[in-house]
Amino acid sequence: MSLRSEVYKTLGFTYRNFIITKRNFFTIFETLFWPVIGLISVGLMGVYLELNEERFAFILIGAVTLSVLQVSQLDVAYVLLFDIWSKSVRYTFATPISAWNMILGAWFFGIFRGLIAFSILFIAGEALFRVNILIPIPWLLLFLLGVFLSAMIIGVITCSLLLIFGYRAEIFAWTLSAIFMLICGIYYPVSMLPEPMRAFSYAIPLTHFLEFYRSFYGFETSFENPLLIGYLISLLALVVLVALYLWAFERARRRGTITQFSE
Amino acid sequence: MDAVKCDDVWMIYRSLFSKKVALKGVNLRIPKGEIFGLLGPNGAGKTTLVSIMATLLRQTRGKVEVLGMDSVRDAKEIRKRINIASGNPNLIWSLTVYENLRYYAMLYGIRDRRIVEDLIRDFELEEFRKVEFNKLSTGNKQKLILARAFINDPELVFLDEPTKGLDPPIARRLREKIVAMQRDRGTTVVLTTHYMSEAEMLCKKIAFINHGEIVAEGTKEDLKKMLKMRDKITIEIDAEIPEQKFQSFEGVFMVEKDGNSYTFYVDSVEKRLWDIAKEVANHGRIKNVVVREIDLEDVFNELAK
């Protein structure tokens with residue numbers, strides 16, 4: 001196995017997602033329109049409620065994170081969805097690619113789109129509401145990497161569900177991130193959640209990444225080192241989820257789902 | 001050496017409430033360097049068998065060796081050396097001809113863009129290189145699908161009904177391409193098709209599959225010999241003849257009626273023509289007689305019963 005060849009296979013998916021996004025008005029809309037609408041509506045709510053600067057930053061961080069996560073996780077899910085919609089699944093799986101080639105290739109482009117969304121929202125937040133959510137760059141990058149890892153986790157879950165349940169599972173590409181948001185305290189601290197949900201929220205890495213970001217605005221964290229905990233849970237989750245994805249792929253091979261996707 | 005070896009291959013599709021047996025203990029050898037035909041009626045198991053050989057499906061039972069490797073254990077290694085094209089031309093819709101080929105080249109770890117350019121030229125797609133897949137004609141889509149199938153210079157290619165639904169001139173051009181690619185590159189081609197003339201023209205050896213089983217296998221001549229009937233005599237007459245009249249005739253295996261035209265499938269035209277013609281003439285005036293050898297279509301019809 002040559003490393004160069006593996007890199008090229010991985011970049012194949014980045015290339016494909018890039019071209020499709022470039023040509024598809026809908027995906028450009030996803031990156032620009034909805035995130036800005038979300039930020040403006042949350043921002044106006046903050047103005048109406050006369051939130052102080054810290055609390056305003058708290059909810060804007062939530063709105064920005066939600067958009068970045070949604071945009072970049074969609075790219076990972078699209079790695080399979082584009083093929084399903086084009087009925088070309090068999091041609092992709094007939095090539096000597098691995099799960100990592102697919103996931104990483106799509107994820108790279110997800111990072112690119114996520115960074116565009118973040119930059120636009122950062123500028124919009126500053127320009128429209130005079131709220132600065134900039135933290136020291138190294139910490140900001142570590143936070144964003146955490147969000148992108150969470151996006152990869154959601155994307156891999158969606159792809160696995162697609163392989164298990166077929167077309168019916170495509171709805172998860174748009175709903176899973178919303179479920180994650182609800183539990184990880186996107187607009188509120190997780191301490192508000194009822195006990196079983198709160199315990200569950202600690203198992204989600206995004207909870208810890210959000211707490212880490214908000215700690216720069218004086219908010220308390222549930223654990224001492226949220227960034228480290230977030231990364232550890234992310235890596236553990238990815239190992240488990242890639243194993244799930246591989247199992248789902250083998251199951252799809254046994255049941256004929258891959259060929260059905262192409263009919 | 002065989003390009004593909006299937007030993008007692010079973011495929012059973014299971015869902016919560018149902019079970020469908022698609023392949024029932026298939027045994028098959030596909031020799032290297034030839035165009036091998038896999039024929040059978042709809043739902044016979046052709047696509048399932050091809051998908052297993054192409055590692056897209058995993059058999060429920062049995063062993064499949066592709067290029068000397070195990071189809072389950074060595075699937076990724078096999079995929080580097082094989083490729084597939086189907087008669088349902090579907091690639092990524094919004095990618096152009098060039099982008100689709102470049103994308104798939106990347107998935108094979110191929111950096112050399114000349115390979116993409118050569119295929120565009122070989123398959124006469126130059127003027128469509130910037131056209132998105134969904135805007136191509138069906139013929140050009142199918143050309144692109146075939147070009148894609150040769151992108152990794154595979155040792156073995158599976159072509160699953162590659163000319164399905166195409167106009168005859170385009171289908172003929174594609175057949176010529178398949179032959180040229182196979183001849184120039186020495187690729188083993190496994191072809192499934194509904195068109196008997198296509199199989200007769202392209203394939204050196206053929207296997208018939210029906211109800212998930214290989215029912216016959218060999219060269220075209222072997223297959224024709226397998227059936228005792230060798231010739232068919234078509235007689236047009238100006239009257240009706242009761243079909244049972246000929247059922248007891250020696251050497252007549254089957255009679256087909258189409259209006260006032262009767263086709264007799266016989267073991268030998270030399271031995272049977274005179275007796276049949278004499279009997280037919282007793283019922284009316286013979287208008288026309290055509291005699292010819294049975295073809296693959298007749299073999300197919302007989303085996304598909």
Side-chain angles (χ1 to χ4, degrees), chain A residues 1-27 78-79 81-102 105 165-166 246 249-263, chain B residues 11-15 20 22 47-48 50-52 54-60 71-72 74-86 88-96 98-100 102-112 132-134 144-145 148-149 151-152 154 157-158 160:
Chain A
M1 182 179 79
S2 116
L3 180 64
R4 185 181 280 193
S5 160
E6 292 305 309
V7 169
Y8 217 60
K9 288 178 197 173
T10 304
L11 291 179
F13 291 101
T14 316
Y15 171 76
R16 185 188 69 170
N17 279 21
F18 167 68
I19 303 273
I20 295 174
T21 302
K22 196 175 74 170
R23 281 212 183 106
N24 190 340
F25 189 66
F26 178 70
T27 48
Y78 281 157
V79 79
L81 280 171
F82 283 147
D83 267 323
I84 289 175
W85 292 332
S86 300
K87 296 180 182 284
S88 58
V89 176
R90 73 164 67 190
Y91 294 120
T92 297
F93 284 118
T95 63
I97 49 150
S98 67
W100 283 113
N101 294 136
M102 287 184 85
F165 298 111
L246 292 174
F249 175 66
E250 279 308 312
R251 183 180 179 277
R253 258 183 90 194
R254 279 195 308 273
R255 296 194 171 216
T257 316
I258 290 169
T259 46
Q260 281 163 17
F261 276 141
S262 308
E263 284 161 6
Chain B
M11 185 69 208
I12 302 166
Y13 293 110
R14 284 196 175 90
S15 65
K20 188 191 162 209
T47 301
T48 297
V50 163
S51 298
I52 288 173
T55 76
L56 291 170
L57 267 179
R58 189 170 162 171
Q59 69 273 23
T60 314
S71 70
V72 175
D74 306 316
K76 195 175 167 190
E77 201 54 40
I78 291 170
R79 288 182 201 131
K80 286 181 190 169
R81 294 164 58 184
I82 66 165
N83 213 320
I84 186 166
S86 153
N88 295 325
N90 291 314
L91 291 181
I92 301 288
W93 294 333
S94 53
L95 263 57
T96 64
Y98 175 82
E99 287 160 353
N100 259 305
R102 189 168 167 220
Y103 160 60
Y104 285 107
M106 290 174 89
L107 298 197
Y108 283 96
I110 298 165
R111 295 188 66 193
D112 190 350
E132 288 175 31
F133 184 78
N134 59 343
L144 179 57
I145 295 272
R148 196 213 69 89
I151 200 144
N152 57 329
V157 176
F158 299 97
D160 191 9

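- Between the side chain of B/Asn100 and the main chain of B/Ile92, a donor-acceptor pair closer than 3.5 Å is present.
- Distance alone, capped at 3.5 Å, places no donor-acceptor pair between the A/Arg4 side chain and the B/Gly109 backbone.
- Going from atom OG1 of A/Thr95 over to atom OH of B/Tyr104 covers 8.0 Å, rounded to the nearest 0.5 Å.
- Only the backbone of B/Arg14 has a heavy atom closer than 4.5 Å to any heavy atom of chain A.
- Within the 4.5 angstrom heavy-atom criterion, only side-chain atoms of A/Ile258, from C-beta onward, approach chain B.
- Among B/Ser86, B/Ala54, B/Ala85, the residue making the largest number of heavy-atom pairs under 4.5 Å with chain A is B/Ser86.
- Residue B/Ile82 comes nearest to B/Pro154 through the heavy atom pair C-CB, 3.7 Å, listed as atom of the first residue, atom of the second, then distance.
- Using bins of under 30°, 30° to 60° and over 60° for the plane-to-plane angle, the ring pair B/Tyr103/A/Phe13 lands in the perpendicular bin.
- In this structure, chain A has a heavy atom under 4.5 Å from the side chain of B/Ala75, while its backbone stays farther away.
- With chain A as the partner, the residue from B/Ile110, B/Thr47, B/Asn88, B/Asn83 showing the most heavy-atom pairs under 4.5 Å is B/Ile110.
- Among residues two or more places apart in sequence or in another chain, the side chain to side chain donor-acceptor pair (under 3.5 Å) test is passed with A/Gln260 by none.
- Residue A/Thr10: no heavy atom, backbone or side chain, is found under 4.5 Å from chain B.
- For residues 20-27 of chain A, the interface with chain B (any heavy-atom pair closer than 4.5 Å) comprises A/Ile20, A/Arg23, sorted by residue number.
- A salt bridge is absent between B/Arg102 and B/Glu99; no separation between the charged side-chain nitrogens and carboxylate oxygens falls under 4.0 Å.
- There is no contact between B/Gln59 and chain A, counting heavy-atom distances below 4.5 Å.
- For A/Arg254, the side chain to side chain donor-acceptor pair (under 3.5 Å) criterion is met by no residue, not counting sequence neighbours.
- Note on ring orientation: taking the six-membered ring where Trp is involved, the planes of A/Phe82 and A/Trp85 are perpendicular (angle over 60°, cut-offs 30° and 60°).
- At a 4.5 Å heavy-atom cutoff, B/Arg81 makes no contact with chain A through either its backbone or its side chain.
- With a 4.5 Å cut-off on non-hydrogen atoms, A/Tyr91 touches chain B through its backbone and its side chain both.
- Remark: A/Arg16 engages A/Asp83 in a salt bridge (Lys or Arg N to Asp or Glu O under 4.0 Å) (not counting sequence neighbours).
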